[in-house]
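Just so you know, ligand 1 is whichever comes first in the structure, and atom 1 is the first atom listed for that ligand. Note that the numbering runs from 1 along the sequence shown for the chain.
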Amino acid sequence: MDRQIHRGSILHFPKTTSSPEKNYSYYSDGVLVVEKGKVAHIGEAAEFFKHPHNQQLLNYGGVEQHKGLIIPGMIDSHVHFPQIEMIASFGKQLLDWLNEYTFPTEKQFASEEYAKVQAEFFVNQLMAHGTTTASVFATVHPQSVDAFFNASQAINARMICGKVLMDRFCPEYLRDTPESGYRESKELIEKWHNNGRAMYAITPRFAPTSTPEQLALAGKLANEHPDTFIQTHLSENLGEVEWIKELYPDSPDYLGVYENNGLVRDRALFGHAIHLEEREYDVLSSSGATISFCPSSNLFLGSGLFNYAKAKERGINLSLASDVGAGTSLSLFANQADAYKICQLQHTSLDPFESLYLCTQGAAASMGIDHLVGNLNPGTEADFVELDFMGSPILQQRLLRCKTLKEQLFAISTLSDDRAIERTYVNGKLVYSKEAKVCGHTSTNGLRYLSNGSM
Ligand code: GUN
Ligand code: ZN
């Protein structure tokens, strides 16, 4: 039978909560049983091995023993795969950064071959950072979406992706038209949405780079395919917000532009949402839409301080995101560290259970996929990560002095990145191991990956 037993310390958030620090499940010596790619059982090892049938497994080496902490695979709710190569580009804020670095980079994805190589590299890097699900912007080129889903399906990962819609205020070479954007997106939805573990996101880049006609057609598409995702940017930068007032003078505010086109609903993911009016908080809260808090990106581009406490207080669905290439790390631990600092600057201390929740169960629940991923409840897809508590000498020393799980989690998120990831499993299969030799589809940078779970 296709069954694996993983034994070690296990932490997850089994249900949706506004108090993750009180509602986590932790097994210091736990078992996670995986059958046919799904979680079949989670519980205390002592209880599990009481049964004579299970006890026998111990003698026959049928148990995978883990030294670090097992957590659910993390979810990055907003990231641009074509931008991985331009991460850490110097010195500009959003609108200049887009013109100077982003658009020329994205031009290259007209080439199918280029897109394939970068998509494989990116998916491998997600796994190396413990991220097993992401909501991903491709480029305006439909073939960039094919490249991404081909790469994610090679390891059977649950991923969301969409073709960028953009028909003005960008170089000619990156423009579609309202009609071609609608048609190509529809074809991609038919090809990829719910194809295996792939899911589609209708992806207007942001309101400035779409004409009203294009946003109207994006809304039509969203209405025709109500279970697709929508992903875009909202109120990231003050210059951008002023520009929206010029471009859409009749809209009450930035979010109103999306709202008037039927783009604010469940499964609509808005990156940033820093400079919001009161009305926008209300609409985000009542619509079931989600904010992707992108801390490292917001610091890097000098965009502003996301008001986490206010968004939470208003009951808005929240999640955490890297927003690479404006974000400076794919690691959702590094992004938790930046989230903590952004909250500190506003006199809120973000609890480490809460920041981990934002990239596991919290993100999954916000996005309506927590029956599939984000926790380790029986019946969910077995995507999980083993953390390496000894990832660096300084972290190691700090962790040895921690007295509680909370202190440990906080030290990991503050001090760590991909060094914290020992192994990553997707659908119960090993897809990344720090220790392993290169095999499967090898990476372009000489790191150690597995593409199909075989060692
Ligand atoms: N706004 C529109 N496009 C982008 C992008 O690619 N990155 C970020 N951070 N903001 C955007
Ligand atoms: Zn973005």
- prompt: Does any N, O or S atom of His272, backbone or side chain, fall under 2.8 Å from the Zn ion (ligand 2)?
  reply: no
- Item | Residue Cys294, metal the Zn ion (ligand 2), N/O/S under 2.8 Å |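 Given the 2.8 Å cut-off, Cys294 does not count as a ligand of the Zn ion (ligand 2).
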If you measure only the distance, is there a donor-acceptor pair under 3.5 Å linking the side chains of [X] and [Y]?
| X | Y | result |
| --- | --- | --- |
| Ser180 | Thr177 | yes |
| Glu224 | Tyr182 | yes |
| Ser322 | Asp76 | yes |

Counting heavy atoms under 4.0 Å, the part of Leu98 that contacts ligand 1 is side chain
In Arg197, Arg423, Arg158, the residue satisfying salt bridge (Lys or Arg N to Asp or Glu O under 4.0 Å) with Asp383 is Arg197
(request) Answer yes or no: is there a donor N or O on one side and an acceptor on the other, between the side chain of Ser366 and the main chain of Leu318, under 3.5 Å? (result)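 Indeed, once roles are kept as given, a pair shorter than 3.5 Å links the two residues.
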**Prompt:** Would you say Thr131's side chain and Met127's backbone share a donor-acceptor pair under 3.5 angstrom?
**Reply:** no
Enumerate the atoms of ligand 1 whose separation from the nearest heavy atom of [X] is less than 4.0 angstrom.
| X | value |
| --- | --- |
| Leu94 | 1 (N), 8 (C), 10 (N), 11 (C) |
| His272 | 9 (N) |
| Ala326 | 9 (N) |
| Asp323 | 8 (C), 9 (N) |

| task | Determine whether any heavy atom of Phe137 lies closer than 4.0 Å to an atom of ligand 1. | result | no
Measuring from non-hydrogen atoms of Glu240 to any atom of ligand 1, is the shortest distance under 4.0 Å? no
Looking only at protein heavy atoms, what sits closest to atom 7 (N) of ligand 1 is Trp97 CZ3, 3.4 Å
Review point. Which protein non-hydrogen atom lies closest to atom 3 (N) of ligand 1, naming both residue and atom, and how far is it?
Key: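 Going by distance alone, atom 3 (N) of ligand 1 is nearest to Arg205 NE, 2.8 Å.
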Vertex the Zn ion (ligand 2), ends His233/NE2 and His78/NE2: angle to nearest 10° comes to 90°
Of all N, O or S atoms in Asp323, the one closest to the Zn ion (ligand 2) is OD1
Check: Taking the N/O/S atoms of His80 one by one, which is nearest to the Zn ion (ligand 2)?
Finding: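 When I compare the N, O and S atoms of His80, NE2 is nearest to the Zn ion (ligand 2).
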message: Regarding atom 5 (C) of ligand 1: of the candidates Glu106, His80, Met86, Met166, which has the closest heavy atom?
response: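 Looking at heavy atoms only, the winner is His80.
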Self-check item: More than 12 heavy atoms of other groups within 6.0 Å of Lys312 NZ
Solution: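 Enclosed: over 12 neighbouring heavy atoms sit under 6.0 Å from NZ of Lys312.
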_Atom NZ of Lys107: over 12 foreign heavy atoms under 6.0 Å_ =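 No, because the 6.0 Å sphere around NZ of Lys107 holds 12 heavy atoms or fewer from other groups.
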Please tabulate, for side-chain N and O atoms in residues 15-22, each donor-acceptor pair with protein atoms closer than 3.5 Å (sequence neighbours left out).
from  : atom 1 : to     : atom 2 : distance (Å)
Thr16 : OG1    : Gln361 : NE2    : 3.0
Thr17 : OG1    : Ser19  : N      : 2.8
Thr17 : OG1    : Asn23  : ND2    : 2.9

- Query: Yes or no on side chain to side chain contact (heavy atoms under 4.5 Å, CB included) for Ser292 and Gln231, after CA distance, side-chain angles and deciding distance?
  - Reply: CA-CA 10 Å; Ser292 299; Gln231 59 182 354; over 6 Å; no
N/O to N/O below 3.5 Å, does that happen between Gln83 and ligand 1?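 Yes, since at least one N or O of Gln83 sits under 3.5 Å from an N or O of ligand 1.
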- [ ] Could you tell me whether some N/O pair between Glu236 and ligand 1 is separated by less than 3.5 angstrom?
- [x]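 Such a contact does occur with ligand 1.
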So, do Leu98 and Arg205 sit near enough that their side-chain heavy atoms are less than 4.5 Å apart? yes
